[in-house]
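We name chains A, B, ... by the order of the sequence lines, and we start the count at 1 in each one.
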Protein chains: 2
Amino acid sequence: MSPKPRPPIPKVSRPRNAGATREAILQSALTAFVRQGYDGVGVREIAHTAGVTAVLVNRYFGSKERLFAAAVEAMFTDSGLFAGDPATLAQRLAALVVTRSRDDRHPSDPLLLLLRSAPNPRAAAILRQSIASHCEQPLKSLMRGPKRGERAAIILALIVGLQLFRKVIGNKALADANGTSLSADLTLMLERLIDISHCTESPRNH
Amino acid sequence: MSPKPRPPIPKVSRPRNAGATREAILQSALTAFVRQGYDGVGVREIAHTAGVTAVLVNRYFGSKERLFAAAVEAMFTDSGLFAGDPATLAQRLAALVVTRSRDDRHPSDPLLLLLRSAPNPRAAAILRQSIASHCEQPLKSLMRGPKRGERAAIILALIVGLQLFRKVIGNKALADANGTSLSADLTLMLERLIDISHCTESPRNH
DNA sequence: GTCTATAGAAAGATAGAC
DNA sequence: GTCTATCTTTCTATAGAC
């Protein structure tokens with residue numbers, strides 16, 4: 001019996017080029033980790049999509065864990081989630097959640113990568129650092145007022161939670177919701193979090 | 001790494017009792033799935049914690065997937081997350097997020113079970129239904145005003161996102177945040193979502 | 001009712017040929 | 001630079017003894 005007939009390989013003309021192969025593996029890993037999470041995909045599958053065998057994954061990245069770290073770094077580095085005018089930040093973040101990205105790479109993909117891989121402790125440790133440096137810090141630096149770190153984390157948690165319900169769980173209420181209406185409500189919530197106005201001005205001492 | 005020689009078995013006196021064994025397996029599965037997620041735990045481990053072998057897991061539940069479904073159902077059924085006075089609901093939900101539950105079963109555990117198992121497509125399908133019937137519907141029925149379904153889903157997404165950052169990612173800003181201050185801010189956000197006041201129109205209804 | 005033993009598949013990683 | 005072949009482990013699930 002044949003052990004595995006191996007479905008048709010997309011053998012592009014890429015003969016013996018270390019750089020290109022490494023890049024192909026990284027791109028394949030990126031997509032796979034975003035869609036299926038760290039535990040949901042194997043190095044064989046990643047390699048196959050890249051048109052090579054699993055050996056080269058470990059040859060170029062050392063291990064699955066280090067490949068994941070490289071993919072996370074690449075994804076968050078050029079995401080540009082928090083670049084641009086702070087005045088329209090809330091609006092853009094809200095659009096991120098509402099927009100449906102079917103199969104292409106989207107700015108919201110880092111968030112999917114995050115929540116689909118977070119259950120694995122090793123992946124979580126890698127993510128914790130990248131989130132802190134590539135998401136929390138930029139967001140925090142755009143904000144003013146008290147408890148910036150806490151508010152920034154709440155913003156991220158809200159967005160990621162919404163993505164979880166929409167894209168991963170497949171929640172009906174959010175999937176069927178009117179796009180512009182939902183976007184408007186989220187924008188309002190995010191503006192309150194970004195500005196200081198949401199906070200209690202109550203004279204809470206010490 | 002140690003090849004797992006034989007950790008101490010909690011061999012309680014439970015000689016040949018189908019009901020008790022089934023219950024022990026279910027409890028073990030509950031804890032394991034909450035802590036490590038669907039993909040992060042094997043039936044061997046669940047069985048061992050229950051003091052039996054993996055055979056009995058499949059004997060009593062049919063498969064890992066059906067065991068998961070039973071665990072999810074049991075967890076959400078008696079969670080009582082949305083029982084009690086609607087007036088203090090926001091406060092209780094905020095406390096849920098802030099409270100640290102180390103090893104005991106807590107009402108927030110269903111949320112951890114949710115987000116740690118969601119990456120697995122089969123687990124997600126099982127969760128989608130339980131979430132809808134045991135979380136969204138009860139929450140929705142406590143609320144008034146327009147777009148109840150959408151607002152209920154946002155509330156759940158916010159809470160789950162916060163749990164993800166605090167408990168799974170291990171976010172520093174949220175972990176180190178002042179408990180009472182964080183709780184107050186969340187309560188305010190949740191009250192705005194539960195009441196209609198956060199929305200565009202409509203008079204108050206209280 | 002519960003066990004040991006094992007089948008069968010798939011995972012991560014490595015040795016060595018070309 | 002890339003492959004085939006293989007090692008080792010771990011997984012779910014089942015057959016059959018007691």
- Item | Candidate nucleotides C:dT2, C:dG12, D:dG1, ranked by approach to the side chain of A:A18 - the nearest | D:dG1
- Any idea which of C:dG1, D:dC3, C:dA13 is nearest the B:Y60 side chain? C:dG1
- Message: By nearest atom, which of the nucleotides C:dA5, C:dG1, C:dT14 is closest to the B:V55 side chain?
- Response: C:dA5
- Message: Output the rounded distance in Å from CG (B:L56) to P (D:dT14).
- Response: 14 Å
- Protein-nucleotide distance (A:Q36, atom CD; C:dA11, atom C1'), rounded to Å: 14 Å
- Where do B:V97 and B:L158 land on the side chain to side chain contact (heavy atoms under 4.5 Å, CB included) test, with the steps shown first? CA-CA 10 Å; B:V97 176; B:L158 174 60; over 6 Å; no
All N/O donor-acceptor pairs, side-chain side in residues 79-86 of chain B, below 3.5 Å, sequence neighbours left out:
from	atom 1	to	atom 2	distance (Å)
B:S79	OG	B:F76	O	3.3
B:S79	OG	B:L81	N	3.4
B:D85	OD1	B:A87	N	3.1

- Task: Please state how far atom CG in A:N58 lies from atom C1' in C:dA15, giving the value in whole angstrom units.
- Result: 13 Å
- Task: Specify the separation, in whole Å, of atom CD of A:E23 and atom P of D:dG1.
- Result: 16 Å
- How many Å lie between NZ on A:K64 and P on C:dT14, as a whole number? 15 Å
- Axis-to-axis angle for the helix from C:dG1-D:dC18 to C:dC18-D:dG1, ends of five pairs each, to 10°, equals 10°
- Kindly compute the distance separating CE (A:M143) from CD1 (A:I155), expressed to the nearest 0.5 Å. 4.5 Å
- Query: Expressed in angstrom and rounded to an integer, what is the separation of A:N17 atom CG from D:dT2 atom P?
  - Reply: 7 Å
- Query: Does a sphere of radius 6.0 Å around CD in B:Q129 hold more than 12 heavy atoms from other residues, nucleotides or ligands, not counting ones at 6.0 Å or beyond?
  - Reply: no
- Given atom NE2 of A:H48 and atom C1' of C:dA11, what is their separation to the nearest angstrom? 17 Å
- Query: OP1 or OP2 of D:dT2 less than 4.0 angstrom from a side-chain nitrogen or oxygen of A:T53, does that happen here?
  - Reply: no
- Base, sugar-phosphate, or nothing: which does A:V57 touch, judged by heavy atoms less than 4.0 Å apart? nothing
- Query: How about A:E65: does its CD atom have over 12 heavy atoms from other parts shown lying under 6.0 Å from it?
  - Reply: yes
- Message: Check this one for me: any side-chain N or O of A:T21 less than 4.0 Å away from OP1 or OP2 of D:dT2?
- Response: yes
- Task: Check A:R128, A:E150, A:E136 against B:N171 for a side chain to side chain donor-acceptor pair (under 3.5 Å) and give me the one that passes.
- Result: A:E136
- Query: With respect to the side chain of A:R44, which nucleotide from D:dC3, D:dT6, D:dG1 is positioned closest?
  - Reply: D:dT6
- Task: Check the distance between C:dG16's P and A:R59's CZ and give it to me in whole angstrom.
- Result: 14 Å
- With rounding to the nearest 0.5 Å, note down the distance linking NZ in A:K147 to CD1 in A:I154. 8.0 Å
